[in-house]
K.L.:
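Quick one: the structure is below, questions incoming.
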Amino acid sequence: MAEIISGKIVSAQTREKIKAMVSEFETENKRKPCLAVVLVGNDPASEVYVRNKIKGTEEVGMKSLSFNMPENSTNAEVEEVVKCLADDDNVDGILVQLPLPKHLDERKILSLIPDTKDVDGFSPNNLGLLSIGTPRTVSCTPLGVMELIKSTGIDLKGKNAVVIGRSNTVGKPMAMLLLNENCTVTVCHSKTDNIAFYTKNADIVVVAVGRPEFLKKDMVKEGAVVIDVGINRVDGKLIGDVDFDAVSEVAGYITPVPGGVGPMTISMLLYNTLMAAKKVNG
Ligand code: NAP
């Protein structure tokens, strides 16, 4: 049976370390690191995510600013808020909660966040720096996944890693992080034929697809590390992209949903905010 990698435990340990570093930062700089979160509209899932991010920020002793804007806000109005935050020296990180309402120009709004305050790691420059092996701010979810993989203590060098999903926010940066750790990386996506052919030979499988229980037992090699990024709501329940019970019978390590990657994503956001603050003052 696979050993469960608990995101709750790894995340709690990470947050304790961040809390201590925040306290040190405050003593040295006479201010708290500050994260500003912009939410446009009333998407219930986004509201929950934002609440958890703000709660996490305050729990480690950082300051949070929250801007809740109405659904019908114009592009100019949202741009104005982001520009103000970009110019404010007391704001270290800016997070615009996605998805934005359809009528807004997401790319334009995100482009107004300076790379140094891009704590989500979504900017082309931050993605580019990761790609050339000199990362600055890395997207929170893949960064959290790496922490979970490393918590197993396995030596990553030369391991076969398969990432299923190629989004700019999860799949691609995940593949780059694994490559930077000297894994041999294969990226699968919706046009990949016979995904099982790749996953059956993988020591590490990261699934970020958004399809409930996509990864089945017969696709997984004995002893593999299986990381489930997926969050799917089925009949009011949260279900991952991995058929957890069956895959647990063959995998060596596995993350649950909920309680796996999710808590790590927020921890890495806190880490990125602290690092953004330290670059200004430290
Ligand atoms: P996304 O942008 O929709 O990307 C999904 C990826 O999966 C795409 O690359 C797509 O391929 C691929 N895909 C879709 N159907 C497939 C299939 N049948 N076979 C193989 N590949 C397939 O999603 P995302 O933002 O990366 O998120 C993925 C999942 O992770 C979602 O469930 C999301 O809710 C979850 N998530 C969780 C966290 C967390 O903190 N736990 C954070 C972010 C995301 P194409 O490129 O070919 O279309």
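In each ligand, atom 1 is the first atom listed, and ligand 1 is the first ligand listed.
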K.L.:
Pull out every atom of ligand 1 sitting under 4.0 Å from any heavy atom of V261, numbered as shown with elements.
P.N.:
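Taking each heavy atom of V261 in turn, ligand 1 has 41 (N) under 4.0 Å.
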
K.L.:
Please work out, at 4.0 Å between heavy atoms, whether the side chain, the backbone, both, or neither of I231 comes within that distance of ligand 1.
P.N.:
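Contact part for I231 vs ligand 1: both backbone and side chain.
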
K.L.:
Looking only at heavy atoms, is any part of M264 under 4.0 Å from ligand 1, and if so is it the side chain, the backbone, or both, or is it neither?
P.N.:
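Neither; no heavy atom under 4.0 Å.
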
K.L.:
Can you tell me which residue and heavy atom of the protein come closest to atom 40 (O) of ligand 1, and the distance to 0.1 Å?
P.N.:
T265 OG1, 2.8 Å

K.L.:
Could you tell me whether atom 15 (N) of ligand 1 has at least one protein heavy atom nearer than 4.0 Å?
P.N.:
yes

K.L.:
Nearest 0.5 Å, please: how far is CG in N90 from CG in L85?
P.N.:
11.5 Å

K.L.:
Taking the minimum heavy-atom distance to atom 22 (C) of ligand 1, which of S190, G210, G144 ranks first?
P.N.:
S190

K.L.:
In the protein, what heavy atom is nearest to atom 24 (P) of ligand 1, and what distance, to one decimal place, separates them?
P.N.:
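Nearest protein contact, heavy atoms only, for atom 24 (P) of ligand 1 is S167 OG, 3.7 Å.
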
K.L.:
Got more than 12 heavy atoms from elsewhere within 6.0 Å of NZ, K19?
P.N.:
no

K.L.:
Verify the neighbour count for atom CG of D193: are there more than 12 heavy atoms of other residues, nucleotides or ligands below 6.0 Å?
P.N.:
no

K.L.:
Between D241 and ligand 1, does any nitrogen or oxygen pair lie at a separation below 3.5 Å?
P.N.:
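No.
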
K.L.:
For L269 and K53, work out which heavy atoms get closest and say how close.
P.N.:
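Shortest heavy-atom contact: CD2-CG, 3.6 Å.
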
K.L.:
Answer with yes or no whether the side chains of T141 and T265 bring together a donor and an acceptor at under 3.5 Å.
P.N.:
yes

K.L.:
Quick check on the hydrophobic clustering: are L35 and L39 connected, directly or via other members, by side-chain heavy-atom contacts under 4.5 Å?
P.N.:
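Linked within one cluster.
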
K.L.:
Starting from atom 37 (C) of ligand 1, locate the nearest protein heavy atom and write down its residue, its atom name and how far away it is, to 0.1 Å.
P.N.:
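Going by distance alone, atom 37 (C) of ligand 1 is nearest to V229 O, 3.1 Å.
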
K.L.:
With heavy atoms under 4.0 Å as the rule, classify the contact between V209 and ligand 1 as side chain, backbone, both or neither.
P.N.:
both

K.L.:
Where's the contact between V170 and ligand 1, heavy-atom distance under 4.0 Å: side chain, backbone, both or neither?
P.N.:
side chain

K.L.:
Kindly check if the number of other-residue, nucleotide or ligand heavy atoms within 6.0 Å of NZ (K63) is above 12?
P.N.:
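Count not over threshold, so no.
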
K.L.:
Tell me whether C188 reaches ligand 1 (any heavy atom closer than 4.0 angstrom to a ligand atom).
P.N.:
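Distance cut 4.0 Å: C188 fails for ligand 1.
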
K.L.:
Are I239 and V257 co-members of a hydrophobic cluster defined by side-chain heavy atoms under 4.5 Å apart?
P.N.:
no

K.L.:
To check your reading of the model: name the closest protein heavy atom to atom 42 (C) of ligand 1, its residue, and the distance in Å.
P.N.:
T141 OG1, 3.2 Å

K.L.:
Is it possible for you to say whether L177 and V206 belong to one hydrophobic cluster, with membership spreading through side-chain heavy-atom contacts below 4.5 Å?
P.N.:
yes

K.L.:
Which ligand 1 atoms are under 4.0 Å away from a heavy-atom of G165?
P.N.:
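Going through ligand 1 atom by atom, the ones under 4.0 Å from G165 are 6 (C), 7 (O), 9 (O).
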
K.L.:
Of the backbone atoms (N, CA, C, O) and the side-chain heavy atoms from C-beta on, which set of I195 has a member under 4.0 Å from an atom of ligand 1: side chain, backbone, both, or neither?
P.N.:
side chain

K.L.:
What do you reckon, does G171 put a non-hydrogen atom under 4.0 Å from ligand 1?
P.N.:
no

K.L.:
Quick one: do the T137 and N272 side chains pair a donor with an acceptor below 3.5 Å?
P.N.:
no

K.L.:
Among all the protein's non-hydrogen atoms, which is closest to atom 17 (C) of ligand 1, and how far away is it?
P.N.:
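Result for atom 17 (C) of ligand 1: F214 CE1, 3.7 Å.
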
K.L.:
To the nearest 0.1 Å, how far is atom 9 (O) of ligand 1 from its closest protein heavy atom, and which atom is that?
P.N.:
R166 N, 2.8 Å

K.L.:
With a 6.0 Å cut-off (strictly less than), is the heavy-atom count around CG of L238, excluding the residue itself, greater than 12?
P.N.:
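Enclosed.
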
